[in-house]
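To keep things clear, I will list the structure first and then write my remarks on it.
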Amino acid sequence: MAPNLNLNLNDDNSLFNFVVKEGNGVKGLVDLGLTEVPGRYVQPPHLRINKQEVAGSLENVTIDVSELDGPNHEQVVKAIVHASETLGFFQVVNHGVPLEVLDSLIVTAHQFFGQPVEKKTVYLKEVRPSPLVKYGTSFAPENEKALEWRDVLNMFYTNDADARQSWPNDCKEVVLEFIKTSSEMVQKLLQALIGNLGVKLDDSRLHELSGSDIVNMNFYPACPNPDLTVGVGRHSDIGMLTVLLQDGIGGLYVKKGDQNASPGNEVWVEIPPIKGALVINVGDSLQILSNGRYKSAEHTVRTTDVESRVSVPRFISPLPTAKIGPFPELVARDGVARYKEVIYGEYWKSYFEKSLNGKKSLDFASI
């Protein structure tokens, strides 16, 4: 990349224009040959993840979901439920997505973000050809005091035809295959989790609660000062379930135990990359519907100076018009509703209007 003569890394407006408005992203900064992180990316100390202080990595929460169809069905459901009630995270193997599809997703993500900037900026929010695709950087850069060390491509799924018409050519077929091959597993997980609550849903209600589908490609360039930055700030996802493909580099951390622990006293564990596995995490919507039984886990992503990292999450969420509140059966059983009923589209709007802030998103539905 040719040097941008108007870019002053120490001037917030100049940096913001280059990274956000002109669409160069973090990748564009790194391509300039940065040796230290600009001040706008330096996170407050209490929001960073100190690798020396984490409680190791999370082992043995890997579930063979193919056994949901066999004689070990009940044990597998118990394992899924236990992970969802405690950490809100687990990993699955034998999930139905071929290894070559997973490998191709990683390669494709690197290829997309490795393109010249003008190939990516056609998908910036202000000029994108369709609302079903968006390229950008950080989470809500206009609202963030410190930016995330991440570029991202969002692909909103409605149907195959719309995706083929609007998504980037290099990405669309492999992402469609990812959706197609992971969908049966997603439905089985939701059925196991909802069934465990003693709730019966007809197909239309289940579709209402899980009919929105978004796939992101996240790109975390190698960072000269990883201890000062974050790839993604601390947050919980707001949908039902997230299905995440990690590459082999690692950097995903989840908050363990007391979700309300004061800054500096939290315990964080790494979700280790496992070749061929997918990471599953519970979202806010499932926590609300379960009246608090299932936990949407607070998580964050640490950057690295070793090499650029990619991840590909698929977000399964309610339709924008869906009403989400604790299932009536659970309220009757518990004697209390821990959340109020909200329209998911309004919850979504509230979430994306702010910067990420732990599990504060749930305040929108709190009683």
Side-chain angles (χ1 to χ4, degrees), residues 1-54 57 106-107 109-121 135-153 216-235 246-253 263-264 268 270-273 299-312 355-356:
M1 176 188 281
N4 184 307
L5 300 179
N6 297 316
L7 175 62
N8 177 356
L9 293 177
N10 296 315
D11 177 78
D12 275 3
N13 288 332
S14 176
L15 180 76
F16 191 86
N17 286 337
F18 177 80
V19 173
V20 179
K21 293 190 173 176
E22 296 169 22
N24 290 286
V26 182
K27 174 75 164 57
L29 281 180
V30 170
D31 287 347
L32 294 174
L34 284 187
T35 55
E36 61 181 52
V37 167
R40 188 71 191 269
Y41 285 91
V42 176
Q43 296 285 332
H46 70 279
L47 293 181
R48 305 174 199 164
I49 287 288
N50 185 328
K51 214 170 181 183
Q52 280 69 47
E53 293 178 1
V54 298
S57 63
I106 298 296
V107 170
H110 278 288
Q111 288 173 340
F112 177 82
F113 291 102
Q115 297 179 104
V117 66
E118 57 270 16
K119 299 275 192 181
K120 296 177 284 190
T121 51
Y135 160 76
T137 188
S138 202
F139 176 75
E142 292 81 3
N143 302 324
E144 293 167 340
K145 291 179 181 174
L147 298 173
E148 298 174 336
W149 196 261
R150 170 183 71 134
D151 299 333
V152 59
L153 175 70
N216 284 0
M217 286 185 168
N218 294 317
F219 183 70
Y220 308 95
C223 178
N225 309 108
D227 292 334
L228 301 180
T229 59
V230 297
V232 179
R234 300 175 179 198
H235 71 288
Q246 298 196 79
D247 63 13
I249 295 169
L252 173 63
Y253 290 83
W268 292 84
E270 185 172 11
I271 306 293
H299 55 288
T300 188
V301 173
R302 191 179 187 277
T303 59
T304 175
D305 56 2
V306 180
E307 56 185 304
S308 296
R309 173 182 183 265
V310 297
S311 68
V312 184
S355 56
L356 295 175

I need the minimum non-hydrogen distance between [X] and [Y], along with the two atoms involved.
| X | Y | result |
| --- | --- | --- |
| Gly233 | Leu356 | O-CD1, 3.8 Å |
| Arg150 | Gly231 | CB-O, 3.2 Å |
| Pro226 | Arg302 | CB-NH1, 4.4 Å |
| Phe113 | Lys120 | O-NZ, 2.8 Å |

Let me see the working for Ser311 and Asn218 under side-chain hydrogen bond (donor to acceptor under 3.5 Å, both in side chains), right down to the final yes or no.
-> CA-CA 5 Å; Ser311 68; Asn218 294 317; 3.2 Å; yes
Answer yes or no: is there a side-chain heavy-atom contact under 4.5 Å between [X] and [Y]?
| X | Y | result |
| --- | --- | --- |
| Phe112 | Lys119 | no |
| Pro224 | Thr35 | no |
| Leu252 | Arg309 | yes |
| Tyr41 | Leu15 | yes |
| Val152 | Phe139 | no |

Between Gln43 (side chain) and Arg48 (backbone), is there a donor-acceptor pair under 3.5 Å?
-> no
Kindly write out the residues that satisfy side chain to side chain donor-acceptor pair (under 3.5 Å) with Thr300, not counting sequence neighbours, or none if the list is empty.
-> none
Excluding sequence neighbours, so at least two apart, what forms ring pair (Phe, Tyr, Trp, His ring centres under 6.0 Å) with Tyr135?
-> none
